[in-house]
Protein chains: 2
Amino acid sequence: MAPLGRIPEATVARLPLYLRGLDAFPVGVTATVSSDELADLAGVNAAKVRKDLSHLGTYGTRGVGYDAAFLRFQISQALGVANVWPVVVCGMGNLGRALANHTGFTDRGFPVVAATDSDPDKIGTVVDGVPVHAPGELGDIVRRLGVAIGVISTPAEAAQGTADALVAAGVTSIMSFAPTVLSAPDEVEIRSVDLATELQILGFHLHRDRIAGDS
Amino acid sequence: MAPLGRIPEATVARLPLYLRGLDAFPVGVTATVSSDELADLAGVNAAKVRKDLSHLGTYGTRGVGYDAAFLRFQISQALGVANVWPVVVCGMGNLGRALANHTGFTDRGFPVVAATDSDPDKIGTVVDGVPVHAPGELGDIVRRLGVAIGVISTPAEAAQGTADALVAAGVTSIMSFAPTVLSAPDEVEIRSVDLATELQILGFHLHRDRIAGDS
DNA sequence: AGCCTCTTGTGAACTGATGCACAAGGTGTC
DNA sequence: GACACCTTGTGCATCAGTTCACAAGAGGCT
Ligand SMILES: NC(=O)c1ccc[n+]([C@@H]2O[C@H](COP(=O)([O-])OP(=O)(O)OC[C@H]3O[C@@H](n4cnc5c(N)ncnc54)[C@H](O)[C@@H]3O)[C@@H](O)[C@H]2O)c1
Ligand SMILES: NC(=O)c1ccc[n+]([C@@H]2O[C@H](COP(=O)([O-])OP(=O)(O)OC[C@H]3O[C@@H](n4cnc5c(N)ncnc54)[C@H](O)[C@@H]3O)[C@@H](O)[C@H]2O)c1
């Protein structure tokens with residue numbers, strides 16, 4: 001119904017999964033997909049799929065399902081995947097290099113256009129097609145290349161400084177891998193990916209099960 | 001109150017953050033920390049800190065705060081961080097190498113003890129101290145080294161097969177980076193870290209702001 | 001001792017998300 | 001045209017998590 005009414009955060013987080021699920025349907029071929037099928041493809045349940053899609057509009061046909069191509073178009077539209085958002089990787093270490101070398105990002109509209117690193121041996125080099133600059137040039141890079149998203153893969157100690165520099169340069173979207181809390185103005189969106197924490201959550205459940213197993 | 005009553009999932013996910021925040025307090029020195037301070041250190045709000053900690057027990061002192069060392073001990077206890085959970089990295093590519101080379105995991109009780117890869121050139125080599133084996137040896141590795149957690153950093157196509165092999169070997173905790181849905185028995189916990197999806201969520205908000213900006 | 005100040009622990013309201021269950025509405029068949 | 005059969009869209013109940021607000025307790029000061 002609502003062509004662009006507020007979309008719940010939880011729904012936004014699932015739209016990319018639906019889009020990925022729709023890759024199972026060849027482009028150009030007319031095909032319909034039911035909420036049940038799409039639920040399987042995205043790893044969620046069917047009721048959620050229908051409720052999520054209803055936030056975008058009523059694009060399904062009762063008794064039939066959704067037109068795969070049209071649905072793909074609508075979700076793409078809602079997510080704004082037609083846009084290309086250039087990314088700068090800050091900290092070209094082990095993780096930064098893996099990210100820069102990853103093709104999956106460019107494919108989805110997030111090309112890594114530049115990197116920074118404080119190591120003099122790395123500055124000025126080009127790694128996997130990505131030029132590495134000094135951290136001080138960050139503001140310049142952002143302006144010159146129209147960077148929209150900053151990735152922080154520096155050591156934890158340098159993360160806050162890097163975030164500050166990104167914000168100062170006008171970047172409002174940050175993905176950080178540093179295991180530390182970052183502060184930034186409210187209008188800046190920070191997504192923190194903390195792998196050690198993920199492992200600790202797995203560890204908690206293992207620990208729990210072990211205790212439950214004894215008796 | 002409840003020494004080990006069910007701890008809400010959302011709380012479990014934050015306990016590692018509190019533990020990290022407590023690193024700001026030197027070991028061996030008696031210090032108290034208030035829910036306000038800890039909230040800052042962990043990047044959440046104070047009410048949440050208090051409610052979360054109340055699930056572990058009443059370890060605070062009204063009017064004073066929490067004893068930092070004792071609190072650290074109690075959270076560690078709840079999370080079971082005294083345990084060491086050996087990890088196997090499946091897929092020693094760009095990402096797998098970064099993970100294997102990362103010291104932060106070993107420090108927290110998650111040593112990467114082995115890896116697998118299907119590339120004949122990599123099998124038999126040792127990368128950053130981690131021996132690389134053929135995928136077929138996975139079951140053997142798990143049993144021999146007591147692997148508790150499997151990390152999937154293979155291409156998406158190989159992810160399900162790798163998950164199946166892990167499950168067959170008795171691994172019940174999996175962290176996957178492959179952009180695909182994995183199916184496994186209910187008792188297996190899978191945490192899927194999907195970086196492209198994270199970027200798309202950032203992209204959605206950028207897109208939204210851009211639309212709102214025009215008028 | 002009495003009082004003041006501080007911070008915890010928690011009941012209760014609120015918010016957001018989930019999942020059920022079914023009417024509404026479309027397709028195809030007889 | 002009527003009927004049988006699907007699958008969507010959604011109202012509603014439920015659940016988990018968050019936030020508020022304050023009484024209960026602890027320490028310190030006079
Ligand atoms: N490697 C992993 O698998 C992994 C896993 C989880 C978390 N992390 C986190 O990601 C971050 C990076 O990890 P890594 O393994 O790549 O570390 P790394 O040490 O290999 O790389 C860090 C890089 O950042 C550079 N750097 C330092 N200060 C900088 C600055 N001010 N500006 C720009 N660059 C700077 C260093 O020169 C180095 O090249 C760390 O915070 C780490 O805790 C890494
Ligand atoms: N590199 C990144 O920054 C990044 C970011 C997001 C997601 N991912 C995902 O993580 C996964 C790995 O990414 P990558 O960049 O390291 O890819 P990569 O191609 O560099 O590495 C994949 C490795 O897996 C090995 N492999 C293939 N089949 C295997 C099997 N059956 N068993 C064991 N090993 C096997 C390959 O030989 C290769 O070494 C992919 O699914 C990718 O989509 C990577």
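Chain letters run A, B, ... following the sequence lines, proteins first and then strands; every chain starts at 1.
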Q: Between the opening five pairs and the closing five pairs of the helix from C:dA1-D:dT30 to C:dC30-D:dG1, how far apart are the helix axes, to 10°?
A: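 Terminal axis comparison yields 10°.
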
Q: Report, as a single string ordered 5' to 3', how protein heavy atoms within less than 4.0 Å touch nucleotides 14-20 of chain C: B base, S sugar-phosphate only, - not at all.
A: ---SSB-

Q: Hey, can you pull the residues of residues 20-38 of chain A with a non-hydrogen atom under 4.0 angstrom from DNA chain D?
A: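 Within this stretch, A:S34, A:S35 sit under 4.0 Å of the strand.
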
Q: Taking only residues two or more places apart in sequence, or in another chain, which ones meet B:H102 in a side-chain hydrogen bond (donor to acceptor under 3.5 Å, both in side chains)?
A: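 B:H102: no side-chain hydrogen bond (donor to acceptor under 3.5 Å, both in side chains) contacts found.
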
Q: Sequence neighbours left out, what passes side-chain hydrogen bond (donor to acceptor under 3.5 Å, both in side chains) with A:D164? Give chain and number order.
A: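 Testing A:D164 for side-chain hydrogen bond (donor to acceptor under 3.5 Å, both in side chains), a comparison that skips the adjacent residues, returns A:Q160.
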
Q: A:D128: what forms a salt bridge (charged side-chain N to carboxylate O under 4.0 Å, His left out) with it, not counting sequence neighbours?
A: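 For A:D128 there are no salt bridge (charged side-chain N to carboxylate O under 4.0 Å, His left out) partners, ignoring immediate neighbours.
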
Q: Partners of B:E189 by salt bridge (charged side-chain N to carboxylate O under 4.0 Å, His left out), sequence neighbours excluded?
A: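 So B:E189 forms a salt bridge (charged side-chain N to carboxylate O under 4.0 Å, His left out) with B:R191.
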
Q: Is the phosphate of C:dG9, meaning OP1 or OP2, less than 4.0 Å from a side-chain N or O of B:Y66?
A: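 For C:dG9, OP1/OP2 do have a side-chain N/O of B:Y66 under 4.0 Å.
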
Q: Looking at B:A148 and B:S173, what are the two nearest heavy atoms and their distance?
A: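 In this case the closest contact between B:A148 and B:S173 is O-CB, 3.8 Å.
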
Q: Report the residue from B:I174, B:I141, B:L138 that forms a side chain to side chain contact (heavy atoms under 4.5 Å, CB included) with B:C90.
A: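 Exactly one pass, corresponding to B:L138.
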
Q: Listed by chain and number, what are the salt bridge (charged side-chain N to carboxylate O under 4.0 Å, His left out) partners of B:R50, not counting sequence neighbours?
A: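 For B:R50 there are no salt bridge (charged side-chain N to carboxylate O under 4.0 Å, His left out) partners, ignoring immediate neighbours.
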
Q: Between B:L53 (CG) and D:dT18 (P), how many Å, whole number?
A: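 Atom CG in B:L53 sits about 14 Å away from atom P in D:dT18.
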
Q: Checking B:H207 against B:Q200 for the side chain to side chain donor-acceptor pair (under 3.5 Å) test, could you report, in this order, the C-alpha distance in whole Å, the side-chain angles of both residues, the deciding distance, and whether it holds?
A: CA-CA 10 Å; B:H207 175 60; B:Q200 285 188 74; over 6 Å; no

Q: For nucleotides 25-30 of chain C, read 5' to 3', which letter fits each nucleotide if B means a protein heavy atom sits under 4.0 Å from the base, S means only the sugar-phosphate is that close, and - means neither?
A: BSS---

Q: Could you check which of C:dT10, C:dT8, D:dG9 has an atom nearest any side-chain atom of B:S54?
A: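 Closest nucleotide among those given: C:dT10.
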
Q: Going by atom type alone, with no hydrogens or angles, which donor-acceptor pairs under 3.5 Å involve a side-chain atom of residues 26-34 of chain B and a protein atom two or more places apart or on another chain?
A:
residue	atom	partner	partner atom	Å
B:S34	OG	B:D36	N	3.4
B:S34	OG	B:E37	N	3.2
B:S34	OG	B:E37	OE1	3.4

Q: What residues, two or more places apart in sequence or in another chain, satisfy side-chain hydrogen bond (donor to acceptor under 3.5 Å, both in side chains) together with B:Y18?
A: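 Result, side-chain hydrogen bond (donor to acceptor under 3.5 Å, both in side chains) vs B:Y18: B:D52.
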
Q: Which distance, rounded to the nearest 0.5 Å, do you find between the CE of A:M175 and the OG of A:S153?
A: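 The distance works out to 9.0 Å.
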
Q: For A:R20, enumerate each residue passing the salt bridge (charged side-chain N to carboxylate O under 4.0 Å, His left out) test, keeping only those at least two apart in sequence or located in another chain.
A: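 Result, salt bridge (charged side-chain N to carboxylate O under 4.0 Å, His left out) vs A:R20: B:D194.
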
Q: Taking the six-membered ring for Trp, are A:Y59 and A:F70 closer than 6.0 Å centroid to centroid?
A: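 Close enough - the centres of the two rings lie under 6.0 Å apart.
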
